[in-house]
Colleague: 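This is the structure I want to talk about, given as structure tokens.
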Amino acid sequence: MSAATTKTDYDVVIVGAGPIGAAMALALRKSGLRLALLDSQPLQDSMSLINGAEFDPRVSAITPASEALFESLGVWSAMQNSRVSPYTDMHVREADGTADINFCAADIHAPVLGHIVENRVMVAAMHQALRSQPLLDCLMPASVIALDNAPQAAVLTLDTGRQLSARLVIAADGAQSPLRQLAGFQTREWDYEHEAIVCSVRTDKPHQQCARQVFMDQGVLAFLPLAAPDNDAEHWCSIVWSVIPATAQSLLAMPDPDFCRALSYASEHWLGDVTHSSKRFSFSLRQRHALEYVNKRVVLIGDAAHSIHPLAGQGANLGLADVQALADVLARVDATGRDPADPVLLARYQRDRKPHNMSMMLLMEGFKRLYAEQPLPIRWLRNTGMRAVEQTPWLKNQLIRAAMGTHA
Ligand SMILES: Cc1cc2nc3c(=O)[nH]c(=O)nc-3n(C[C@H](O)[C@H](O)[C@H](O)COP(=O)(O)OP(=O)(O)OC[C@H]3O[C@@H](n4cnc5c(N)ncnc54)[C@H](O)[C@@H]3O)c2cc1C
């Protein structure tokens with residue numbers, strides 16, 4: 001029997017229902033393909049539980065390009081009705097340096113540069129939309145424990161004991177991706193020697209819809225604006241503070257008041273004093289890129305394919321662009337009855353995404369190295385470069401458009 005006519009349980013099984021896997025399932029909802037989505041965590045509760053709850057410490061700066069994808073998937077309004085925070089300005093500077101850059105949406109006649117969205121809000125909005133898709137089975141919670149990536153069909157064994165066969169398996173199971181390992185994908189990876197501390201903080205002064213980032217000797221600190229809860233008098237930001245592991249350990253161990261003081265000092269009192277901090281979480285940062293995105297009947301998307309330093313807030317945006325590209329090539333399957341694991345189709349997806357993801361990763365690595373170097377000439381070069389960008393509107397506007405995912 002040919003691969004195209006093999007009887008399988010599903011045409012496509014998506015493993016991982018985080019922001020990227022859930023978006024993938026929605027992007028394929030009208031494809032006519034028989035779909036299953038599985039995750040080791042249960043399907044998220046309804047959006048109403050989020051309203052009024054504490055901020056999720058994991059947030060993503062979502063570009064207008066990603067917003068457009070959410071809009072086309074019919075989930076952006078649910079996110080907006082829940083809690084998203086627009087930002088119109090971005091201020092980047094070097095600690096103790098003499099240069100900074102200000103990016104402003106008005107400079108390119110755009111209403112916003114992007115939105116800060118809690119990961120929990122993104123996922124809950126998409127899970128809610130997934131509940132009503134007729135051609136989709138949500139198998140949650142369930143984890144994949146074995147894979148037979150055979151020529152006729154891939155067979156997944158779940159920890160529930162069930163076996164599923166699929167013509168195509170999409171791995172969206174995150175940076176550690178057990179499926180990537182089961183399928184034997186090779187990766188190129190190295191440690192950034194940074195840990196990211198994330199939490200939500202209350203500040204004295206309002207953020208004025210400005211995302212702020214400061215490059216310091218020992219790392220990078222970002223203050224991302226959050227929508228004020230009911231009480232307009234309170235000013236909240238989500239922070240991502242990437243530092244060497246030893247510093248991270250001492251910051252994590254500090255009592256709250258000491259941590260707030262350290263944060264106020266490191267941010268040079270940008271928003272006055274930090275007066276409150278939520279529970280802190282830390283993530284080890286590792287750059288990882290799969291050498292190939294396709295292996296027979298398994299294809300990688302999102303962090304399963306690439307994970308990068310959060311300093312430019314691009315990880316989820318790159319994953320959402322993967323979703324768009326893979327959905328575009330799979331749209332041809334419906335019309336032609338082609339095998340969704342057709343190597344020609346999947347090679348097109350890889351050709352489309354891999355160079356782009358690679359160049360973003362190289363850029364982040366370059367930034368991280370540039371700012372880790374302290375010799376005077378390098379410091380001078382950094383400041384001169386920053387000033388040059390700040391004083392060249394054309395170049396600055398190109399950079400803004402690239403960061404927004406809207407350049408040609
Ligand atoms: C500190 C920090 C700040 C960041 N800030 C930004 C930002 O501002 N902007 C941005 O664009 N990106 C940002 N990122 C990156 C972004 O969070 C990730 O790129 C994004 O979450 C990747 O989504 P994903 O769905 O690929 O993976 P994940 O979010 O990791 O989801 C993977 C899913 O797979 C499931 N899973 C795992 N193993 C199995 C298994 N064996 N079986 C079944 N299910 C499984 C998990 O339960 C999970 O639901 C940041 C990352 C970090 C660490």
Side-chain angles (χ1 to χ4, degrees), residues 13-25 36-44 56-63 65-67 85 87 90 114-120 122-123 126-127 138-147 156-160 164 169-182 192 194-199 211 213 219-225 238-243 248 280-288 300-323 357 360-361 364 403-405:
V13 172
I14 302 163
V15 180
I20 305 308
M24 190 75 240
L37 173 66
L38 57 95
D39 199 290
S40 45
Q41 304 299 315
L43 203 62
Q44 274 220 3
D56 184 357
R58 289 285 305 263
V59 304
S60 296
I62 290 299
T63 60
S66 296
E67 176 189 329
S85 313
Y87 61 100
M90 197 189 301
H115 288 83
I116 306 300
V117 187
E118 293 159 70
N119 285 18
R120 192 170 55 197
M122 262 191 280
V123 170
M126 290 193 273
H127 282 197
C138 290
L139 310 174
M140 301 183 206
S143 297
V144 176
I145 53 168
L147 165 78
L156 299 166
T157 306
L158 309 186
D159 58 352
T160 56
L164 306 175
V169 178
I170 302 178
D173 49 349
Q176 307 296 336
S177 184
L179 200 63
R180 184 184 63 220
Q181 291 164 35
L182 287 172
Y192 281 121
H194 261 184
E195 277 190 34
I197 295 177
V198 298
C199 62
Q213 196 161 35
V220 190
L221 171 63
F223 272 64
L224 306 172
S238 181
I239 65 130
V240 183
W241 195 352
S242 310
V243 285
R280 284 155 256 163
F281 295 86
S282 81
F283 297 88
S284 297
L285 301 179
R286 197 168 173 76
Q287 165 146 188
R288 197 181 277 109
L300 308 177
I301 61 171
D303 274 22
H306 44 76
S307 46
I308 68 170
H309 200 291
L311 71 85
Q314 288 296 333
N317 292 303
L318 293 179
L320 290 167
D322 294 348
V323 167
N357 293 333
M360 184 61 81
M361 295 175 102
M364 289 311 102
M404 292 166 79

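Counting convention: from 1, in listed order, for ligands and their atoms alike. Predicted, not measured: the structure shown is a model, and the values here were computed from it.
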Colleague: Quick test of your reading of the structure: of P42, A316, G319, whose heavy atom lies closest to atom 11 (O) of ligand 1?
Modeller: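 It is A316 whose heavy atom sits nearest to atom 11 (O) of ligand 1.
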Colleague: As a check for students: among P310, S143, S284, identify the option with a heavy atom nearest to atom 2 (C) of ligand 1.
Modeller: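 Selected option, by shortest heavy-atom distance: P310.
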Colleague: Taking atom types as modelled, is there a side-chain donor on S177 or D303 under 3.5 Å from an acceptor on the other?
Modeller: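 Distance-only check fails for S177 and D303.
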Colleague: Quick one: does V59 get within less than 4.0 Å of ligand 1, heavy atoms only?
Modeller: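 Right, V59 reaches ligand 1.
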Colleague: Is atom 17 (O) of ligand 1 less than 4.0 angstrom from some protein heavy atom?
Modeller: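 Yes, there is one.
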Colleague: If you apply the rule side chain to side chain contact (heavy atoms under 4.5 Å, CB included), what do you find for N357 with D322, and how did you get there?
Modeller: CA-CA 9 Å; N357 293 333; D322 294 348; 3.3 Å; yes
Colleague: For atom 20 (C) of ligand 1, which of the options V240, L156, N317, D303 provides the nearest non-hydrogen atom?
Modeller: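 It is D303 whose heavy atom sits nearest to atom 20 (C) of ligand 1.
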Colleague: Taking distance alone, with no angle check, do R58 and ligand 1 share an N/O pair under 3.5 Å?
Modeller: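 Yes, since at least one N or O of R58 sits under 3.5 Å from an N or O of ligand 1.
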Colleague: Evaluate G313 for polar contact with ligand 1, using N/O atom pairs at a separation under 3.5 Å.
Modeller: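 Yes; at least one N/O pair falls below 3.5 Å.
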Colleague: Could you tell me whether V144 approaches ligand 1 through its side chain, its backbone, both or neither, with non-hydrogen atoms closer than 4.0 Å?
Modeller: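 Looking at V144 and ligand 1, just backbone atoms fall under 4.0 Å.
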Colleague: For atom 43 (C) of ligand 1, grab the closest protein heavy atom and report residue, atom and distance to one decimal in Å.
Modeller: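 Here the closest protein heavy atom is S40 N, 3.3 Å.
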Colleague: Which residue supplies the protein heavy atom nearest to atom 13 (C) of ligand 1, what is that atom called, and how far is it?
Modeller: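 Closest protein heavy atom to atom 13 (C) of ligand 1: S60 OG, 3.9 Å.
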Colleague: Where is the nearest protein heavy atom to atom 30 (O) of ligand 1: which residue, which atom, and how far?
Modeller: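 Scanning the protein heavy atoms, the shortest distance from atom 30 (O) of ligand 1 goes to G174 CA, 3.6 Å.
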Colleague: Quick test of your reading of the structure: of I62, L158, D173, whose heavy atom lies closest to atom 34 (O) of ligand 1?
Modeller: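 Comparing heavy atoms across I62, L158, D173, the nearest one to atom 34 (O) of ligand 1 lies in D173.
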Colleague: With atoms numbered from 1 as shown, which atoms in ligand 1 lie under 4.0 angstrom from a non-hydrogen atom of G315?
Modeller: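 Listed by number with element: 10 (C), 11 (O), 12 (N), 15 (C), 19 (O).
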Colleague: Answer yes or no: is there a side-chain heavy-atom contact under 4.5 Å between I20 and L320?
Modeller: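 They are in side-chain contact.
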Colleague: Which residue from A211, A172, P178, G16 reaches closest to atom 32 (C) of ligand 1 through any of its heavy atoms?
Modeller: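 It is A172 that holds the nearest heavy atom.
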Colleague: Classify the contact between A142 and ligand 1 as side chain, backbone, both or neither, using a heavy-atom distance cut-off of under 4.0 Å.
Modeller: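 Looking at A142 and ligand 1, just backbone atoms fall under 4.0 Å.
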